[in-house]
Amino acid sequence: MIPHFYYHPRMMEYDFGPKHPLKPVRLARTMSLLRAMVPSVQVIDPGLATEDDLLRVHDEEFVDVVRRIYGEGVGKEELFTYGFGSVDTPPFAGIWEASLGYCGGGVAAAKALVEGAQLSYNMGGGLHHSQSNRASGFCVFNDPAISLAILKERFGKLLYVDIDLHHGDGVQAIWLDDPDVVTLSIHESGKTLYPGTGFVHEEGANGSAVNIPLDAYTTGDVWLKAFTEIFPRVLDRFRPEVIVLQMGCDPHIHDPLGHLQVTVQEWLGAVKHVRDTRLPILACGGGGYEMSNVPRMWAAAVMTLANIEVPKLAPSDIPVEWGVGSIFDPTPTERGIGLASAQGVIEYWRRKLG
Ligand SMILES: [Zn+2]
């Protein structure tokens with residue numbers, strides 16, 4: 001059974017336009033594949049987030065600008081100040097409602113765990129780059145940070161785990177000074193990739209920011225080894241009571257935005273480690289820009305967290321042209337790339353976390 005799955009097609013209205021790499025169709029295809037593989041999945045409409053939900057982690061002026069950006073309009077200078085001046089995160093018609101849409105999933109999924117659920121999903125969310133006072137990197141509001149704020153109503157120690165290709169900089173920054181919210185992010189190094197942060201020395205309050213930066217072209221065996229070495233140490237050290245898991249699937253070898261070489265099965269290995277903690281988990285989406293990867297990786301991750309076995313092949317009614325026929329990847333021939341550098345990071349955290 002897949003419990004507390006919050007989604008609504010309105011989440012596809014979060015759309016920067018046809019030339020933008022973030023393609024809402026990835027959500028529709030994920031839902032089609034998931035429904036084909038688990039026909040019993042009950043999809044719940046979470047409704048929209050409220051302004052009060054946003055204000056848990058965002059500044060009032062910033063929230064106000066997003067509300068006015070279409071309709072009333074805002075000046076060019078304000079657009080730049082609040083993160084909307086780039087081709088990455090341009091304003092679009094309906095941006096306010098669309099942003100409330102995916103944040104609504106984060107609110108509902110968090111409230112489910114507060115009320116005692118063990119697992120909940122907001123696959124339309126995971127927008128981890130947004131800062132308290134500005135939009136950034138395709139992200140207007142930071143739904144994982146909002147989910148964490150709601151989870152604090154019940155849980156004393158919270159762990160955010162981010163397996164996206166990119167550093168979860170917004171969530172880290174928003175919670176950096178709170179020793180009870182630990183952030184763990186594994187990502188391609190900021191030396192070669194946006195947002196240029198996520199190094200080991202960014203420690204936060206009481207060491208609450210744990211970063212695993214990996215060199216460009218690091219292969220999935222090394223990626224999973226680094227995660228497997230450091231994640232249990234974070235659990236032992238901080239003893240979290242709940243986990244928010246950001247499941248960006250852009251570390252995949254064929255994703256066009258980065259240079260990691262992780263296969264579906266290696267990426268799912270990290271998801272399994274999180275599942276096996278048996279802690280309550282809120283799982284959200286995140287990056288993922290290759291349309292044949294996202295549906296199979298997300299459907300497989302949703303099933304894995306719910307302890308449903310993932311079949312090797314997609315059901316035959318899924319269109320062949322989606323390219324998701326085989327859920328897993330062939331075993332790659334290249335192994336061990338980036339190992340020496342990753343060993344340095346592992347050693348650093350071994351010494352630090354014990
Ligand atoms: Zn990403």
Side-chain angles (χ1 to χ4, degrees), residues 7-36 43 45 48-49 65-74 76 78-80 82-106 122-130 134-143 164-166 170 188 193-195 246-260 284-299 314 318-325:
Y7 176 76
H8 189 276
R10 78 169 72 83
M11 292 180 190
M12 291 179 64
E13 287 160 22
Y14 189 80
D15 187 356
F16 294 103
K19 290 187 179 150
H20 196 279
L22 183 68
K23 309 231 177 285
V25 70
R26 67 200 190 126
L27 286 171
R29 290 189 183 179
T30 297
M31 293 309 298
S32 297
L33 183 57
L34 181 63
R35 283 190 169 108
V43 179
D45 176 2
L48 300 179
V65 163
V66 182
R67 194 195 317 99
R68 288 189 289 115
I69 206 163
Y70 255 85
E72 280 178 57
V74 301
K76 228 183 181 159
E78 262 186 317
L79 280 183
F80 274 92
Y82 292 101
F84 295 105
S86 71
V87 289
D88 274 3
T89 321
F92 60 87
I95 190 169
W96 169 249
E97 294 78 8
S99 302
L100 295 180
Y102 71 81
C103 288
N122 177 29
M123 296 310 294
L127 281 74
H128 60 167
H129 295 307
S130 158
R134 69 186 154 81
S136 186
F138 315 164
C139 305
V140 177
F141 297 127
N142 197 314
D143 63 283
D164 194 281
L165 164 74
H166 302 90
E188 179 177 334
L193 194 70
Y194 174 90
Q246 197 269 19
M247 306 196 295
C249 54
D250 41 4
H252 190 270
I253 182 167
H254 294 140
D255 193 276
L257 261 59
H259 321 92
L260 292 182
C284 56
Y289 306 97
E290 212 284 319
M291 287 313 109
S292 68
N293 294 337
V294 184
R296 61 198 176 110
M297 291 174 82
W298 279 356
I318 294 297
V320 176
E321 57 273 23
W322 290 8
V324 299

Roughly how far apart are His8 NE2 and Leu48 CG, rounded to 0.5 Å?
9.5 Å
Could you measure the distance from the OG atom of Ser292 to the CZ atom of Arg29? Nearest 0.5 Å is fine.
9.0 Å
Calculate, to the nearest 0.5 Å, the distance between atoms CE and CE belonging to Met247 and Met123 respectively.
3.5 Å
With side-chain contact (heavy atoms from CB on, under 4.5 Å) as the test, would you mind laying out the steps for Val140 and Tyr14 before giving the verdict?
CA-CA 10 Å; Val140 177; Tyr14 189 80; 3.4 Å; yes
Closest heavy-atom pair, Pro90 versus Val87, reported as atoms and distance to 0.1 Å, is CD-O, 3.3 Å
Can you name the closest pair of heavy atoms from Cys284 and Gly125 and give their distance?
CB-C, 4.1 Å
So does Tyr289 get a backbone contact from the side chain of Asp255, meaning a donor-acceptor N/O pair under 3.5 Å?
yes
I'd like to check Val324 versus Val294 (side-chain heavy atoms, cut-off strictly below 4.5 Å). Are they in contact?
no
Could you report the tightest heavy-atom contact between His128 and Asn142, atom names first, then the distance?
O-ND2, 3.5 Å
If you round to the nearest 0.5 Å, how far is CG of Leu193 from CG of Leu257?
7.5 Å
So, taking the atom named OG in Ser130 and the one named CG in Asp143, what distance separates them when rounded to the nearest 0.5 Å?
9.0 Å
Heavy atoms, side chains only, cut-off 4.5 Å: are Arg296 and His252 in contact?
yes
Is the shortest side-chain heavy-atom distance between Phe84 and Val66 below 4.5 Å?
yes
Validation row, ring centre Tyr70 to ring centre Phe92 under 6.0 Å:
no
Determine the minimum heavy-atom distance between Thr30 and Ala299, stating which atoms define it.
CG2-N, 4.1 Å
Once the angle between the rings of Phe138 and His20 is folded into 0 to 90°, is it parallel (under 30°), tilted (30 to 60°) or perpendicular (over 60°)?
perpendicular
Show the numbers, then the answer: is there a ring pair (Phe, Tyr, Trp, His ring centres under 6.0 Å) between Phe80 and Tyr82?
CA-CA 5 Å; Phe80 274 92; Tyr82 292 101; over 10 Å; no
Nearest non-hydrogen partners of Met11 and Leu27, listed with the distance:
O-CD1, 4.0 Å
Ignoring hydrogens and angles, state whether a donor on the side chain of His166 or Asp250 is under 3.5 Å from an acceptor on the partner side chain.
yes
Do Pro24 and Glu13 touch side chain to side chain, with heavy atoms closer than 4.5 Å?
no
Ignoring hydrogens and angles, tell me if any N or O in the side chain of Tyr7 forms a donor-acceptor pair with the backbone of Gly105 under 3.5 Å.
no
Is there side-chain contact between Leu33 and Trp298, with at least one heavy-atom pair below 4.5 Å?
no
So, taking the atom named NE2 in His129 and the one named CG in Leu127, what distance separates them when rounded to the nearest 0.5 Å?
8.5 Å
Ignoring hydrogens, what is the shortest heavy-atom contact between Thr89 and Ser86? Give both atom names and the distance.
N-OG, 3.4 Å
Answer yes or no: is there a donor N or O on one side and an acceptor on the other, between the side chain of Glu188 and the main chain of Leu165, under 3.5 Å?
no
